[in-house]
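The structure appears below as structure tokens.
This structure is a prediction, so every number in the text was calculated from the model and none was measured. Just so we're on the same page: letters track the sequence lines, and every chain starts at 1.
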2 protein chains.
Amino acid sequence: MPHEHDHSHDPCHHDHSHDHIHTHSVPNTKDKFLDRLKEQGFKLTGKRRSIVEILLEEDRYISAKDLLERLKAQFPRLSFDTVYRNLHLLKEERLIEESVFGDGGSKFRIACDTNHHHHHFICTVCGKTQLVAGCPMDALQLEAPTGFHIETHRFEIFGHCANCCQSASAR
Amino acid sequence: MPHEHDHSHDPCHHDHSHDHIHTHSVPNTKDKFLDRLKEQGFKLTGKRRSIVEILLEEDRYISAKDLLERLKAQFPRLSFDTVYRNLHLLKEERLIEESVFGDGGSKFRIACDTNHHHHHFICTVCGKTQLVAGCPMDALQLEAPTGFHIETHRFEIFGHCANCCQSASAR
DNA sequence: ATCAATGCAAACCTTTTGCACGCGT
DNA sequence: ACGCGTGCAAAAGGTTTGCATTGAT
């Protein structure tokens with residue numbers, strides 16, 4: 001199982017520019033993501049590449065369904081199972097972020113920053129996000145209830161982004 | 001449709017103590033909830049009563065499934081559809097709160113306070129909650145991205161409550 | 001008597017799983 | 001050649017809906 005490779009990161013790693021150059025090309029970032037997978041011993045299949053590429057291009061929260069739809073153009077026989085399997089893999093490798101939305105459905109976006117803890121403004125129309133400055137766990141000087149052991153927290157601000165506000169008023 | 005009754009609240013409303021007195025009786029609160037439904041023109045069926053009662057007794061986040069299970073004792077032929085229909089109704093009337101948990105499943109709890117905005121510490125084991133003092137939207141002096149129109153936010157702190165910490169270490 | 005509430009069954013949607021085959025390494 | 005990755009099909013959850021019946025008012 002490739003998952004079990006050690007997580008020490010290769011300090012001497014350069015970005016190689018090769019194949020698959022896209023319109024909205026994201027210079028080295030893409031390779032950084034793919035290399036990370038390779039380091040971990042995962043195979044770089046065309047589908048896996050494309051999922052990373054699309055998520056990078058989109059740069060917003062997107063559902064498995066929408067993602068599959070985009071991928072179908074390239075891989076007509078692709079189905080949900082593979083998409084989910086890859087999304088789970090990418091999430092475990094911390095290359096993407098998942099958020100469960102109000103309707104109970106999950107959406108995924110490329111990791112904004114693999115190192116820093118952060119929260120998002122999220123546009124409920126298009127899924128675009130923007131970073132929130134600060135974290136409530138620091139800002140609120142809260143003391144946990146006696147004996148309560150904090151594991152995680154969730155903080156998200158939902159609304160319409162500038163673009164989607166426009167289109168809404170232009171209606 | 002009773003839903004369409006006006007939402008002006010009756011200023012002169014007293015709690016009547018009648019039928020259905022329970023072990024963990026929650027004095028007037030229960031009637032307050034039921035009266036609210038009656039005011040809105042909804043029928044007070046046995047099932048609806050019981051759902052409110054159970055949610056009041058539990059006083060924690062509980063899944064539709066767990067709720068159904070508890071109700072089955074009293075109403076063996078009760079099924080999910082009715083539970084969900086009632087949960088939706090209660091949510092619309094703001095008598096209960098819903099939260100989508102990490103696994104994508106919804107859980108419900110009796111409304112803590114119909115008037116005040118609040119956030120929760122939530123025990124991921126038993127669902128018990130405790131109020132968080134303050135709201136990140138106030139604490140963080142954040143300015144929304146230009147043109148971003150904030151609609152809602154979500155802030156929840158997950159972990160193990162004192163009780164569930166104990167049982168875990170007692171293992 | 002009326003109309004909301006319920007039971008039943010079935011549909012729906014998202015996500016997951018088993019298994020045999022295909023493909024990246 | 002090895003073993004992960006994939007397609008297919010099917011199952012699994014959780015939630016919703018249509019319709020006829022029951023029941024609260």
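Contact check, Arg77(A) against dT6(D): no side-chain N or O comes under 4.0 Å of OP1 or OP2. Residue Ser79(A) places none of its side-chain N or O atoms closer than 4.0 Å to OP1 or OP2 of dC8(D).
The side chain to side chain contact (heavy atoms under 4.5 Å, CB included) check on Lys72(B) picks up Leu68(B), with sequence neighbours excluded. By the side chain to side chain contact (heavy atoms under 4.5 Å, CB included) test, Thr45(B) pairs with Lys43(B), Lys47(B), Arg48(B), sequence neighbours left out. Listed by chain and number, the residues in a salt bridge (Lys or Arg N to Asp or Glu O under 4.0 Å) with Lys65(B) amount to none (sequence neighbours excluded). Residues passing the side chain to side chain donor-acceptor pair (under 3.5 Å) test with Thr82(B): none are found, sequence neighbours excluded. Take His88(B) and apply the side chain to side chain donor-acceptor pair (under 3.5 Å) test, not counting sequence neighbours, and it matches no residue. When the ring pair (Phe, Tyr, Trp, His ring centres under 6.0 Å) test is applied to His153(B), the partners found at least two apart in sequence or on another chain are His117(B), His119(B).
In this structure, the nucleotide among dA5(C), dG7(C), dT16(D) sitting nearest to the side chain of Arg48(B) is dA5(C).
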Per-nucleotide protein contact string for nucleotides 18-25 of chain D (B base, S sugar-phosphate only, - none; heavy atom under 4.0 Å): B----BBS

So which protein N/O to nucleotides 11-13 of chain C N/O distances come out below 3.5 Å?
none

Name every donor-acceptor pair, under 3.5 Å, that has one atom in a side chain of residues 127-140 of chain A and the other anywhere in the protein, sequence neighbours excluded.
from      : atom 1 : to        : atom 2 : distance (Å)
Lys128(A) : NZ     : Glu58(A)  : O      : 3.0
Thr129(A) : OG1    : Arg109(A) : NH1    : 2.6

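No contact: Ser63(B) has no heavy atom under 4.0 Å from any strand.
Computed from coordinates, the Leu89(B) CG to dA5(C) C1' distance equals 10 Å when rounded to whole Å. Distance Asn86(B) CG to dA4(C) P: 15 Å, rounded to the nearest Å. For Leu90(B) and dA4(C), the CG to C1' distance is 15 Å, given to the nearest whole Å. Here dT14(C) presents its C1' atom at 12 Å from CD of Glu98(A), a figure rounded to the nearest Å. Taking atom CG of residue Leu37(B) and atom C1' of nucleotide dA4(C), one finds them 13 Å apart after rounding to whole Å. One interatomic measurement links the two molecules: CZ of Phe75(B) to P of dC8(C), which rounds to 14 Å at whole-angstrom precision. Counting to the nearest Å, the P atom of dT16(C) and the CG atom of Leu68(A) are 14 Å from each other. As a whole-Å value, the separation of His88(B) NE2 from dG14(D) C1' is 11 Å.
In this structure, the side chain of Glu97(B) engages the main chain of Cys112(B) through a donor-acceptor pair within 3.5 Å.
In this structure, CG in Asp66(A) is found 11.0 Å from CG in Leu71(A), a value given to the nearest 0.5 Å.
If Gly105(B) and Leu78(A) are placed on DNA chain D by their nearest nucleotide, the residue sitting closer to the 5' end is Leu78(A).
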